[in-house]
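One structure is given here, and the rest of the page talks about it.
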Amino acid sequence: MNDFTLSAADAVEMNNLLSDCERFTTSFLGYPVAKDFDYSPLFPFLQYPLNNLGDPYISSTYAVGSREMEKYVISFFADLFRAEPDNYWGYVTNGGSEGNLYGLYLAREIYPKGMVYYSESTHYSVQKNIHLLNLPGIIIKSQENGEMNYDDLEEAIRPNRHLPVIILANIGTTMTEARDNVSEIKAILRKLAIRHHYIHADGALSGSYAAFLDPRPAFDFADGVDSIAISGHKFIGSPIPCGVVLAKKTHRDRIARSVAYIGTLDTTITGSRNGHSPLFLWYALKSMGITGLKMRAENSLATAAYAVERLNETGIAAWRNPNAITVVFPAPSAVCCRQFQLAAENGISHIICMPGIGKSQIDRFVAALQQEAAIPA
């Protein structure tokens, strides 16, 4: 340890930040971030430079990392997403956007002349990723609930049947948590006799718990995806933004190359990777297990149902997609959006009933809306 210390002013600034973090975390409702986690048993690891550089499955000359935990996390989600036992690969990412970039990167390497199709409800980062990869793309119309318009998808693909098809399917859109149906997409590809295709599922929002829903959405490897990305800091919870990307190992093998300097394969986007996030996810999955994750999903769904009921009782036209934890309603005032950190787009806003949000917070939100409505303009 060094002998450096903060000045009194810097210590005050740091403590003020801590107070702000506590206050703002308590109040937010509009962003999909779980806030009920406790990783205090892992604090001793913060004094070590954990770095899972390179491929998780190949040892490196750098030994301070959490590779074994990362492999467990990947295998856990491979089972959950019904991947072929001998044909999957993945790694813990910095978040859903990196996972989507990786899936599109694999698609481009397999089909360099492919055309990307994604709905207008897709997260803004996907368009950025397509630009970074220099891929052509076509935006598909969305249905009113935010789900992809499959008729428009078919019409868009038909005149481009000579090109390989790369599809970005949303498993929980940003504003309404709509889920694109991979089975519907596969049916269109069969109808148009498209042999060369790649489907990546953006499951950042609801991919982590979609497997626990009844009926189970069509979103995973058994349904026909080639890769899937989820966020770790959303439904599961983490102090550091993170995610997991899974792909067919045969696809990953197309881009792997050896790097002598680190003694492993270069198969990821970033190369040098944070080794603490896999440890957080490993701890969460080991602590909760399938039973705990399922209960977590059921609690969030119950809170979302309660939120719709309370808002409707107040005269607010709130709704949600089937088995969604996102509750949509007309955008309230800017003051209310700031107070509860609500995102607004095209006249609508939402609250996302992530783990850590309960009925008491919903009641406070409804009360604030009622008070706002009672104030004369």
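All values derive from a computational prediction rather than experimental measurement. All values below were derived from every heavy atom in this structure, side-chain atoms included, with hydrogens, water molecules and symmetry-related copies excluded.
With sequence neighbours excluded, no residue forms a salt bridge (charged side-chain N to carboxylate O under 4.0 Å, His left out) with E144. Under the rule for a side chain to side chain donor-acceptor pair (under 3.5 Å), the partners of N321 that lie at least two apart in sequence or sit in another chain are N145. Evaluation of the side chain to side chain donor-acceptor pair (under 3.5 Å) rule for Y88 yields no partner, not counting sequence neighbours. Here Y118 pairs with nothing under the ring-ring contact (aromatic ring centres under 6.0 Å, His included) rule; sequence neighbours left out.
Looking only at atom types and distance, the side chain of S27 has no donor-acceptor partner in the side chain of Q339 under 3.5 Å away. Under 3.5 Å, the side chains of S277 and N274 contain a donor-acceptor pair of N or O atoms. Side-chain N/O atoms of D202 and T122 include no donor and acceptor closer than 3.5 Å. Under the 3.5 Å distance criterion, with hydrogens and angles disregarded, no donor-acceptor pair is assigned to the side chains of S300 and T303. Counting only N and O atoms by type, the side chains of W89 and D253 include no donor and acceptor under 3.5 Å apart. For the residue pair E177 and T326, a side-chain donor N or O sits within less than 3.5 Å of a side-chain acceptor on the partner. Counting only N and O atoms by type, the side chains of H200 and S227 include a donor and acceptor under 3.5 Å apart.
For N181 against S183, the heavy-atom pair with the smallest separation is OD1-N, 2.9 Å.
Side chains of Q361 and F365 form no contact here, defined as non-hydrogen atoms less than 4.5 Å apart. Between I362 and C353 there is a side-chain heavy-atom pair separated by less than 4.5 Å. I171 is not listed as a side-chain neighbour of P217, based on a closest heavy-atom distance of 4.5 Å or more. Side-chain atoms of M175 and S121, non-hydrogen and from C-beta on, never get closer than 4.5 Å to each other. With a 4.5 Å cut-off on side-chain heavy atoms, S349 and P332 count as touching.
Each of I194, I138, L192, V165 was evaluated against N160; a single residue qualifies, I138, per the side-chain contact (heavy atoms from CB on, under 4.5 Å) test. Each of M148, E154, E155 was evaluated against D152; a single residue qualifies, E155, per the side-chain contact (heavy atoms from CB on, under 4.5 Å) test. Remark: of the listed residues R179, R82, K186, R216, R82 is the sole one forming a salt bridge (Lys or Arg N to Asp or Glu O under 4.0 Å) with D223.
A distance of 5.5 Å separates CG in N100 from OG in S125, rounded to the nearest 0.5 Å. Between L163 atom CG and Y111 atom OH the span is 12.5 Å, to the nearest 0.5 Å.
Using cut-offs of 30° and 60° for the angle between ring planes, the Y102 and Y105 rings count as perpendicular.
Between the side chain of N299 and the main chain of P355, no donor-acceptor pair closer than 3.5 Å is present. Between the side chain of N15 and the backbone N or O of A11 there is at least one donor-acceptor pair closer than 3.5 Å. At distances below 3.5 Å, not a single donor-acceptor pair connects side-chain atoms of S272 with backbone N or O atoms of L53. Judged by distance alone, the side chain of T314 and the main-chain N or O of R310 form a donor-acceptor pair under 3.5 Å. Here the side chain of R67 pairs a donor or acceptor atom with the backbone of D55 at under 3.5 angstrom. Under the 3.5 Å distance criterion, the side-chain polar atoms of R320 are left unmatched by any main-chain donor or acceptor of V328.
Checked for salt-bridge contact, K141 and D151 miss the test: no charged N lies under 4.0 Å from a carboxylate O. Between R273 and E70, at least one side-chain N (NZ, or NE/NH1/NH2) sits under 4.0 Å from a carboxylate O, which counts as a salt bridge. Under a 4.0 Å N-O distance rule, the pair D36/R296 qualifies as a salt bridge.
Pairs of residues two or more places apart, or lying in two chains, never qualify as ring pair (Phe, Tyr, Trp, His ring centres under 6.0 Å) while including a residue from residues 130-169. Sequence neighbours left out, the pairs with a member in residues 9-44 that pass ring pair (Phe, Tyr, Trp, His ring centres under 6.0 Å) are F37-Y39, Y39-F280, Y39-Y283.
In this structure, F81 has its ring center no closer than 6.0 Å to that of F221.
A cation-pi arrangement is absent between K294 and F212 under the rule of less than 6.0 angstrom and at most 45 degrees off the ring axis.
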